[in-house]
There are 2 protein chains.
Amino acid sequence: MQGGKEAVIVDAVMQMIREKKLIPGEKLPSENELAEEFTAPRITVRKALQQLEARGHVYTIKGKGRFLKEEAKPIHLHLTGSESFTDKMTEAGYNLKTVNISCQKEPSRSPIYQKLEGNVYKVSRLRLIENEPMAIHQSYVSELAFPDIDRDGPSISSMFAYYRKHGYKEFTSNGTYLCVRFPTSEEQKRLNCNSMIPLIVLESNTIDCESGKILEFNEIIYRSDKFKYDMTR
Amino acid sequence: MQGGKEAVIVDAVMQMIREKKLIPGEKLPSENELAEEFTAPRITVRKALQQLEARGHVYTIKGKGRFLKEEAKPIHLHLTGSESFTDKMTEAGYNLKTVNISCQKEPSRSPIYQKLEGNVYKVSRLRLIENEPMAIHQSYVSELAFPDIDRDGPSISSMFAYYRKHGYKEFTSNGTYLCVRFPTSEEQKRLNCNSMIPLIVLESNTIDCESGKILEFNEIIYRSDKFKYDMTR
DNA sequence: ACACAAAAACTTGGCGCCAAGTTACGATTG
DNA sequence: CAATCGTAACTTGGCGCCAAGTTTTTGTGT
C-alpha cells in the first residue's frame, strides 16, 4: 500500500484547514490540480481526498468538486463527573432528546454473559442534541434482575428512571474504561457519520448504592468530533 | 462516494475478527473471493480491505494476500490519576524508555502564543515501552520562564526533572482536555502506526504548586490501540 | 519416481480511459 | 441586446486490463 504521497497530501490539506486557508463551504483544489502540484498520480490524490472525506472533513459533489465541511462548535462534556449525561446537557441549556432504538436479547455467544447471568437484554437509546444525533447509550440488563425488561425495554428512554421505578434510589459505578473505535455501518446510520469518525466508547456499570447490586453494564458511545471532553477532576 | 457495500464488507470482516473466526497471521479471503461473495466490484472490496489495513488490523503482501495482524494486549493506563506516565508505567513493571525527538521554537502563528508569552519552545519526547513507540509527549515552554530552554531542550527527557533542577518541587494542573485525532505523517513514522489509527490527545498544563506559576502547556499523544484507558476515579 | 524448470493460475497494485455530472463559453434566435 | 441552446471543458466516479509478485501445476529430463 503506497502511503507516502497520500499521507503528504492529507497532511497538506489538513494544514490548510487548520490554518484557516480554507473556509467552510469553500471548494478544494481539484484532483487534477493537486496531482500536478504534488507530482502524484490522480488515483493517489483521490485516495487522499477520500480519506479526508471518510474522516468527515470534506463532502463531495460529483462533477462539481469537493468542499470543506462546516464543523460545529464542540459541546463541552465533563467525562469525569458523576452526573448523568442527561443532567449535564440539560444544565448546560442544550435541547436534549432521547429516542429508544431497540431492546434486544443478547445472543448466547455474547461476552456479556461473562459478567451477567440469565437472559441479558441490550437497551439502546440514541441521544440527540438540537436534533442532531450525538451519542448512543446501551445498557445490558439481566432478566433475573428485571423480569419485565423484554416487555418494558422498547419504550425505556431513561434507565435511571426505570431503576427508580423499581425502588432503586442512588447509583454509583465501580469502574469505567475508555476506548476508541470506528462505527459499524449501523452506527454510521444512527449517528449520521462517516466511516472513519472515531467513536469514544465508555464502558461502565451502574450499581445500587444501598445494596451494592449491579443493575446493568453499559456503554456510552460518543462521536469523538462532537464534544470537547473535559477530563478535569 | 459509494459507501454501502464497502461498509458492509468492513463490518463483515470486523465481525470475523471479533468472533475469532480469523486468527492472527491467517490469510483473509482474496479480493476476488470477497467480490463474488458480496456481489461487489473488486475495487469496492479493495477499498474495504484498504480501510481495514489503514485501521491497523490487516497487513498486505503483494501477490500473496492480506493477513490478520497480531494485536498486542493493551496496557492498562489510568487516565485520571495524578501520577506521571513514567511513574505509572514503571510501577506496573514495564520497561519504559524516553527518547527526545526535538526542541523547536514555535512559529509566530502558533495558537500557543494565546496562552504563553515570549518565545515558546516545543520539547517533544517519544515514549517507548518494551522498545515499542507508544506515546509522544510535547511540552510548550516559554523562554521567559526558562531562558535556557533552547539550549537545554534537545537533551531533556523528563520535564519534571528539568523543573526540579530549577527549584520547582510539586506540580499540579488546572484542567485537562481529551480529543481524538489522526496522526500526521510525521507521527505515523514516530509511532510506527498506520494513517487511520486514532490518537488520544490529552491537553493540559503543569503548574507549580507553591507559586501557582504555569510552567508549561503540554500534550500527551497516545496511540488509542495500545492502552486500555481506565477512567475510574 | 524424483527433481527442476517453465507455464499457468492465482494474488494485490496501478493506470488509462470512458461514464456521469456540472459549468462556462460561443453561436443562434427573438 | 438578452435569452436560450448546444458544445467544449471541466469535475468526480468506475471499470477493464495490464503490471508485478507468489504459488501451483505441468512438462521434461535423469
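Chain A is the first sequence line, chain B the second, and so forth, proteins listed ahead of strands; every chain is numbered from 1. In what follows, every heavy atom counts, from backbone to side chain, and hydrogens, waters and symmetry copies are set aside.
For the 3.5 Å distance criterion, the side chains of A/H76 and A/D230 qualify, holding a donor opposite an acceptor.
Remark: A/R42 is not in phosphate contact with D/dG14, judged by side-chain N or O atoms under 4.0 Å from OP1 or OP2.
Among D/dC15, D/dT11, C/dG13, the nucleotide with an atom closest to any side-chain atom of A/E33 is D/dT11.
In this view, A/D11 satisfies the salt bridge (charged side-chain N to carboxylate O under 4.0 Å, His left out) rule with no residue, not counting sequence neighbours. By the salt bridge (charged side-chain N to carboxylate O under 4.0 Å, His left out) test, B/K226 pairs with B/E132, sequence neighbours left out. Partners of A/E36 by side chain to side chain contact (heavy atoms under 4.5 Å, CB included), not counting sequence neighbours: none found. In this structure, B/E130 has no side-chain hydrogen bond (donor to acceptor under 3.5 Å, both in side chains) partners at least two apart in sequence or on a different chain. For B/R181, the side chain to side chain contact (heavy atoms under 4.5 Å, CB included) partners at least two apart in sequence or on another chain are B/E187, B/L199, B/V201, B/I221. Partners of A/E117 according to the salt bridge (charged side-chain N to carboxylate O under 4.0 Å, His left out) rule, which considers only residues two or more places apart in sequence or in another chain, do not exist here.
Screening residues 68-77 of chain B for salt bridge (charged side-chain N to carboxylate O under 4.0 Å, His left out) gives no qualifying pairs among residues at least two apart or on separate chains. Applying the side chain to side chain donor-acceptor pair (under 3.5 Å) rule to pairs touching residues 99-108 of chain B yields B/E106-B/S110, sequence neighbours excluded. Sorted by first and then second residue, the ring pair (Phe, Tyr, Trp, His ring centres under 6.0 Å) pairs involving residues 23-59 of chain A (not counting sequence neighbours) are A/Y59-A/F67.
A/I43 places its CD1 atom 11 Å from the P atom of C/dG16, with the value rounded to the nearest Å. The distance between atom OH of A/Y59 and atom C1' of D/dT12, rounded to the nearest whole Å, is 15 Å. Between the CZ atom of A/F67 and the P atom of C/dT22 there is a distance of 11 Å, given to the nearest Å. Whole-Å rounding puts the A/K47 NZ to D/dG13 P distance at 15 Å. The separation between A/L34 atom CG and D/dT11 atom P is 10 Å, rounded to whole Å.
Contacts of residues 25-32 of chain B with DNA chain C (heavy atom under 4.0 Å): B/S30, B/E31, B/N32.
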Tabulate atom names and distances for all N/O pairs under 3.5 angstrom spanning the protein and nucleotides 20-23 of chain D.
unit_1: D/dA20; atom_1: O4'; unit_2: B/K62; atom_2: NZ; d: 3.4
unit_1: D/dG21; atom_1: N2; unit_2: B/G63; atom_2: O; d: 3.0
unit_1: D/dT22; atom_1: O4'; unit_2: B/G63; atom_2: O; d: 3.3
unit_1: D/dT23; atom_1: OP1; unit_2: B/K64; atom_2: NZ; d: 3.4

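Crowding of B/R18 atom CZ: a count of heavy atoms from other residues, nucleotides or ligands under 6.0 Å exceeding 12.
Direction of the helix axis in the helix from C/dA1-D/dT30 to C/dG30-D/dC1 shifts by 40° between the two five-pair termini, rounded to 10°.
One N or O donor and one acceptor, one from the side chain of B/R46 and one from the base of C/dG14, sit under 3.5 Å apart.
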